[in-house]
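Written below as structure tokens is the structure these notes are about.
These figures come from a predicted structure and were not determined experimentally. Here is how names work: the chains are called A, B, and so on, in the same order as the sequence lines, proteins then strands, and each is numbered from 1.
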Number of protein chains: 2
Amino acid sequence: MRVAPPRSARRRRASAADGAKTHLTIRDVAALAGVSQGTVSKVLNEAPGVGAGTRTRVLKVIQDLDYQPDASARSLVVRRTGSIGVIIPHTGSYSMASSYWPVLLTAITETAAARSQNVLLSTARSEEDVDSAYQSILRGRRVDGLVVGAEQFGQKQLVELLFKGFPFVMVGKSPFVSHWHVDVDNAGGARLVTEHLLRLGHRRVAMLGGPAHFPCVHERLEGYRSAMAAAGLEPRAYHSAYHDETAVRYIKELLFDLLGAEPRPTALFVAAGDLVIPALAATREMGLRVPSDLALGAFDDHPYYEHFDPPITAVSQPVHDLGQAAADLLFALMEGEATAARDVILPTRLVVRRSCGSVA
Amino acid sequence: MRVAPPRSARRRRASAADGAKTHLTIRDVAALAGVSQGTVSKVLNEAPGVGAGTRTRVLKVIQDLDYQPDASARSLVVRRTGSIGVIIPHTGSYSMASSYWPVLLTAITETAAARSQNVLLSTARSEEDVDSAYQSILRGRRVDGLVVGAEQFGQKQLVELLFKGFPFVMVGKSPFVSHWHVDVDNAGGARLVTEHLLRLGHRRVAMLGGPAHFPCVHERLEGYRSAMAAAGLEPRAYHSAYHDETAVRYIKELLFDLLGAEPRPTALFVAAGDLVIPALAATREMGLRVPSDLALGAFDDHPYYEHFDPPITAVSQPVHDLGQAAADLLFALMEGEATAARDVILPTRLVVRRSCGSVA
DNA sequence: ATGAAAGCGCTAACAC
DNA sequence: GTGTTAGCGCTTTCAT
């Protein structure tokens, strides 16, 4: 067993060795203010037990030195990072052309900033990306909580989060686990467009949605179905992959089949923003006019739709509110608030433009 | 002076006191693998000086335990966080409707991920936000480097960064300081549209740009001017604020004045994506048809422009490449590479659609 | 109210 | 090749 010299001596040796000071520490502040580091720490954390005079003196030194405590050191001891993680998909140009994720991210960042929390971002293109995002953000305690797109994580990751009791909220519903989430009323929104189309006199209304196993697609399908059923009509739903080039080709083929056959639908409910452009491209290639040959209603509005030819009628989602709700829910969870609602479902509204035609 | 008991004894006391283990540390791994923490650390960091057998044994324990080192603790000692900061503007719905910042952010995040770096995001709405972003990200060493929109920081912050030698790159040129940055060839792009308009037979071509003191606005103005001068024509440039509601009204008033007077321009070069929608709205309200009454060319393309009425002719910026270049430049800077180019200027290309009309 | 010092989990320098 | 330990900058008891 050896004798450890007191900190001050060790310190002195170290600084004598390298000489040059690279940055300020709490010890510098303490020395200049003529107090101990513990006292400075208390001032920094607005903890009680510091005399008014001492406090102002320390504060002045902090100000003069322009001192800012080191986040890593602080995190290490308090076991919180002051950051939340956000994992969103990033799959091709359309998901960024749509304003859904950007607006959501903005809202989350805003809300976090209001609580002096930072946002650590991961965008995931592939399964691999998702896993590396998961690894790099969650492991190593880089963040205190997580907002994640419902479709992002697989069952394995979700279950692990659940098991660890790690605070997270999903945007949208996961196919795998039931957990805190925020979402829009998908069924209601789908019903809104479908009923609009029906009201305009259409009887053969088809739906084009994303992959059938996604809960949001399922919900939109249900809304569409219920509206059709209420009108005594047969639903005709088609599904396609989102995003990539092959998906666009697939969607076109689907629409060629669908719109080439007789009797072909007179109206199409495009149940996802990502599918609007491919659908438009397909009708154009087929020489079909919207809305006279085919009426088009979409899920997920975009400000630019106003200026499309024709202006697109779409269900508008309160994306900004959604992001804020996600962040609020997460912070509630992180603070262990038992009273917080388990999930938040926000209403949609229909923005009527001209792509569905007008009343006959 | 007192005798400090060896770490192991202290540790034993501590764990005896609380009992319950909440998470794994390097010590747990060391104990299970029957080695010291130093050895585990070497394995983790792929440092030399560990026998092959020992290495695999330690690796196995790490695997079995699903151990992941604590990022804060590591950062504290290595003095690097493994994150870069990104500060982008977020000013109203248009900047998110445009895909510029989202795509840029995506590219940066991708590039960072490829280097196992995280991205800490700040969006800044106001001057205040910028400052709090600056404080929370830069101070406290939360990030190792920074990508920042050129217009985001004021002179004070920029100079502070420069003075501290903190690695950062700007997207766009700052009005205040000359520093490493990535940007597109603004003058060239502006020339491209203007020449296109000129080639189509237009002689009275006006330009509507953002605030005159922004370098990018100035550059676009120069490009426009040089194209006009080459054709022996007088430039007519107008400036407006970006973004908010009052700006939209201002732009409309400007256009009313501009287009109401005789001889009015037959073509308008809208020198920023944010101004396209207001310009379109103004022409529509005035009952002016595009392109027959007024030809319209824009800076900053968007995939949706293809489906506008009429489809918008615009200068396309390689935004994704820009983001990647920004990140690459930053990493080069962080690694102290002296060979790296001081700035990266990327070319634009003109996407001709129908809003400028066709050759008479 | 204040100071002293232990210790957060890790890396790196050094001893063996 | 492996173990020991100082120390990163901070918070948090615990004495005083």
field: Stepwise side-chain contact (heavy atoms from CB on, under 4.5 Å) test for B/V40 and B/V35
entry: CA-CA 7 Å; B/V40 177; B/V35 297; 3.7 Å; yes
field: Worked check of side-chain contact (heavy atoms from CB on, under 4.5 Å) between B/R142 and B/L120
entry: CA-CA 8 Å; B/R142 264 175 213 282; B/L120 205 60; 4.0 Å; yes
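- Contacts of B/G49 with the nucleic acid, taken as non-hydrogen atoms under 4.0 Å apart, include base atoms.
- For A/Q37, whose side chain is taken as the heavy atoms from C-beta onward, the closest listed nucleotide among D/dC10, C/dT2, C/dC10 is D/dC10.
- The side chain of B/K42 sits closest to D/dG3 out of C/dT11, C/dT2, D/dG3.
- Checked against C/dG3, D/dT11, D/dT2, the side chain of A/V35 finds its nearest nucleotide in C/dG3.
- For the residue pair A/S72/A/S75, the side-chain donor-acceptor check at 3.5 Å is not satisfied.
- The side chain of B/R27 places no N or O atom within less than 4.0 Å of a non-bridging phosphate oxygen (OP1 or OP2) of C/dC10.
- The separation between A/E46 atom CD and D/dT11 atom P is 12 Å, rounded to whole Å.
- Summary of the strand contacts: B/V50 and A/V40 both lie near DNA chain D, and taking for each the nucleotide with the nearest heavy atom, the more 5' one is attributed to B/V50.
- More than 12 heavy-atom neighbours from other residues, nucleotides or ligands sit within 6.0 angstrom of NZ on B/K164.
- Regarding A/L24, its CG atom lies at a distance of 14 Å from the C1' atom of D/dC10, rounded to whole Å.
- The interatomic distance linking A/R142 (CZ) with C/dC10 (P) rounds to 13 Å, in whole Å.
- Sequence order on DNA chain D of the closest nucleotides to B/A73 and B/G38 puts B/G38 first from the 5' end.
- Between A/T39 and A/S36, the side chains place a donor N or O and an acceptor N or O closer than 3.5 Å (distance only, hydrogens not considered).
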message: For a side-chain contact (heavy atoms from CB on, under 4.5 Å) check, start with the C-alpha distance between A/R115 and A/I84, then their side-chain angles and the critical distance, and finish with the verdict.
response: CA-CA 11 Å; A/R115 298 190 180 230; A/I84 61 170; over 6 Å; no
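- Where the helix from C/dA1-D/dT16 to C/dC16-D/dG1 starts and where it ends, the local axes point in directions that differ by 40°; five pairs per end, rounded to 10°.
- In this structure, of C/dA12, C/dC10, D/dC10, it is C/dA12 that holds the atom nearest to the side chain of B/V78.
- With hydrogens and angles ignored, the 3.5 Å screen pairs a side-chain donor or acceptor of B/T111 with a backbone N or O of B/A107.
- Between D/dC10 and A/S72, no contact under 4.0 Å exists linking OP1 or OP2 to a side-chain N or O.
- The distance from atom CG of A/L76 to atom C1' of D/dG9 is 9 Å, rounded to the nearest whole Å.
- In this structure, B/G34 reaches the sugar-phosphate backbone alone: every heavy-atom distance under 4.0 Å involves primed, P, OP1 or OP2 atoms, never a base.
- In this structure, A/Y67 does not reach the D/dG9 phosphate: none of its side-chain N or O atoms is under 4.0 Å from OP1 or OP2.
- Note on B/S36: every side-chain N or O is 4.0 Å or more away from OP1 and OP2 of D/dT2.
- Between A/S41 and D/dC10, a side-chain N or O to OP1/OP2 separation shorter than 4.0 Å is absent.
- One atom, CD1 of A/I26, and another, P of D/dG7, lie 19 Å apart when rounded to the nearest Å.
- Remark: B/R79 is in phosphate contact with D/dG9, judged by side-chain N or O atoms under 4.0 Å from OP1 or OP2.
- Between A/T25 and D/dC8, a side-chain N or O to OP1/OP2 separation shorter than 4.0 Å is absent.
- Between the A/S41 side chain and the A/Q37 main chain, no donor and acceptor come within less than 3.5 Å of each other.
- Rounded to an integer number of Å, the gap from NE2 of B/H23 to C1' of C/dG7 is 12 Å.
- When the nucleotides D/dT11, D/dG9, C/dT11 are ranked by their closest atom to the side chain of A/L44, D/dT11 comes out on top.
- Between B/H179 and B/F168, the ring planes lie parallel to each other; the angle is under 30°, not in the 30° to 60° tilted range.
- Considering only side-chain atoms of A/T39, the nucleotide from C/dG3, C/dC10, D/dC8 that sits closest is C/dG3.
- Heavy-atom nearest nucleotides on DNA chain C were determined for A/T54 and for B/D70, and the one closer to the 5' end corresponds to A/T54.
- A/R55 has its CZ atom 10 Å from the P atom of C/dA1, to the nearest Å.
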